[in-house]
Amino acid sequence: MLEILYRDEFLVAINKPSGLLVHRSPIDRHETEFALQILRDQIGQFVYPAHRLDKPTSGVLLFALDKESARVMGEQFMSRDTKKSYIAVVRGYTDESGMIEHALSIKLDKIADKDSAKDKEAQEAATLYERLATVELPFAVGKYDKTRYSLVKLTPLTGRKHQLRRHMKHISHHILGDTKHGRGEHNKFIRQEFGCNRMLLHAYELQIKHPRTNEMLIIKAPLDETFNSICKFFNWHL
């Protein structure tokens, strides 16, 4: 059963769990459960995904309930008239705030993108970040005697594939639990010490204009038990 955060006759938003695909993908052929099908069966009607979240990312995921609303929301996301805010735990102490402007090459998947052109130029990409809290732990991970982590708010200004994960890697503040763009020694540490088997990236707030009324909607998703327990252990209060 998916947690429904918002629902009317045109839209429905859920709190997507980490590890759940939005829809069927050739990249993960072994997966048998998808947010789209689970939600469709749960509410008893067809749903149209308005945007995407990576499989390991949790948080606000929006669906339209009719084709016209899906079209309007698709245009809104494409034109960047929406605002998405994320919470992440990253290695090291970040600056208090900043903007990452770093063009990202288009990542092609061998299976899903096998027919796509391989010579596309890198696309501009920008992410705002704000440090919310820090912690220093008396554990040696890698070459350091102690381990430092930051809790950050991330606001993508563009929508590139794996943008937040790649941008945090670019400034050497990798997101914990990211098996593709993160640091293996830190991922192993949080698995062993905290039983954390997920990536610590959560889409906690989405701001959109309603497709029919133009009313501004702010939809928020609470953290799951694993993410919450990490924050409590680090004495971080959101």
Side-chain angles (χ1 to χ4, degrees), residues 1-25 31 33-89 127-128 130 132 151-157 159 163-165 175 177 196-232 236-238:
M1 184 77 71
L2 295 170
E3 179 185 5
I4 293 179
L5 304 169
Y6 176 88
R7 183 180 178 185
D8 62 23
E9 59 184 305
F10 306 106
L11 299 173
V12 59
I14 65 166
N15 190 358
K16 186 187 86 67
S18 174
L20 182 65
L21 284 169
V22 175
H23 52 68
R24 193 177 302 276
S25 168
E31 293 290 351
E33 290 194 317
F34 315 94
L36 189 150
Q37 283 91 340
I38 295 172
L39 181 60
R40 178 194 64 196
D41 294 343
Q42 185 172 327
I43 67 174
Q45 66 184 107
F46 199 80
V47 296
Y48 304 81
H51 65 119
R52 303 286 188 270
L53 284 180
D54 290 346
K55 179 181 176 181
T57 305
S58 59
V60 184
L61 181 63
L62 185 71
F63 293 86
L65 295 176
D66 62 87
K67 289 184 178 180
E68 178 60 18
S69 296
R71 182 191 66 79
V72 173
M73 292 312 304
E75 291 176 355
Q76 200 176 132
F77 278 98
M78 287 292 290
S79 61
R80 303 175 192 170
D81 289 334
T82 61
K83 182 180 179 183
K84 292 180 273 189
S85 299
Y86 295 73
I87 291 289
V89 182
T127 301
L128 293 172
E130 177 187 353
L132 303 177
L151 180 70
V152 293
K153 174 185 175 183
L154 302 175
T155 305
L157 304 182
Q163 176 175 315
L164 300 181
R165 301 160 66 179
I175 296 175
C196 179
N197 294 292
R198 59 155 297 175
M199 181 173 69
L200 294 175
L201 177 63
H202 177 74
Y204 83 95
E205 184 177 291
L206 176 65
Q207 296 184 32
I208 58 167
K209 285 184 180 178
H210 193 279
R212 301 303 176 100
T213 66
N214 276 332
E215 173 193 1
M216 182 62 70
L217 295 178
I218 299 176
I219 305 170
K220 296 184 178 182
L223 297 174
D224 69 10
E225 185 178 347
T226 299
F227 207 135
N228 225 1
S229 65
I230 292 277
C231 289
K232 286 181 179 178
W236 290 341
H237 305 284
L238 293 174

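Numbering of residues begins at 1 and proceeds along the displayed sequence.
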Worked check of side chain to side chain contact (heavy atoms under 4.5 Å, CB included) between Val152 and Val89: CA-CA 6 Å; Val152 293; Val89 182; over 6 Å; no
Step-by-step side chain to side chain contact (heavy atoms under 4.5 Å, CB included) determination, Glu33 to Leu20: CA-CA 7 Å; Glu33 290 194 317; Leu20 182 65; 4.3 Å; yes
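Contacts of Arg7 classified as side chain to side chain contact (heavy atoms under 4.5 Å, CB included), with partners at least two apart in sequence or in another chain: Ile4, Val12, Ile43, Gln45.
Counting heavy atoms from C-beta outward, Ser18 and Leu201 have side chains that stay 4.5 Å or more apart. Looking only at side-chain heavy atoms (C-beta outward), Met73 and Leu11 come within less than 4.5 Å of each other.
When all heavy atoms of Ser85 and Lys153 are compared, the pair lying nearest together is OG-CE, 3.8 Å. The two atoms that bring Thr57 and Ala203 nearest to each other are CG2-N, 4.4 Å, heavy atoms only.
Screening residues 197-206 for salt bridge (Lys or Arg N to Asp or Glu O under 4.0 Å), with sequence neighbours left out, gives Arg198-Asp224, Glu205-Lys220.
Relative orientation of the Phe77 and His51 rings is parallel, given thresholds of 30° and 60° on the angle between their planes.
A donor-acceptor contact shorter than 3.5 Å is absent between the side chain of Glu130 and the backbone of Leu154. In this structure a side-chain-to-backbone donor-acceptor pair under 3.5 Å is missing from Ser69 to Ala64. With hydrogens and angles ignored, the 3.5 Å screen pairs a side-chain donor or acceptor of Lys16 with a backbone N or O of Lys55.
Remark: aromatic rings of His210 and Phe10 are close, center separation under 6.0 Å.
Salt-bridge check for Arg212 with Asp66: passed, with a basic side-chain N closer than 4.0 Å to an acidic carboxylate O.
Side-chain atoms of Gln207 and Thr82 include no donor-acceptor pair closer than 3.5 Å.
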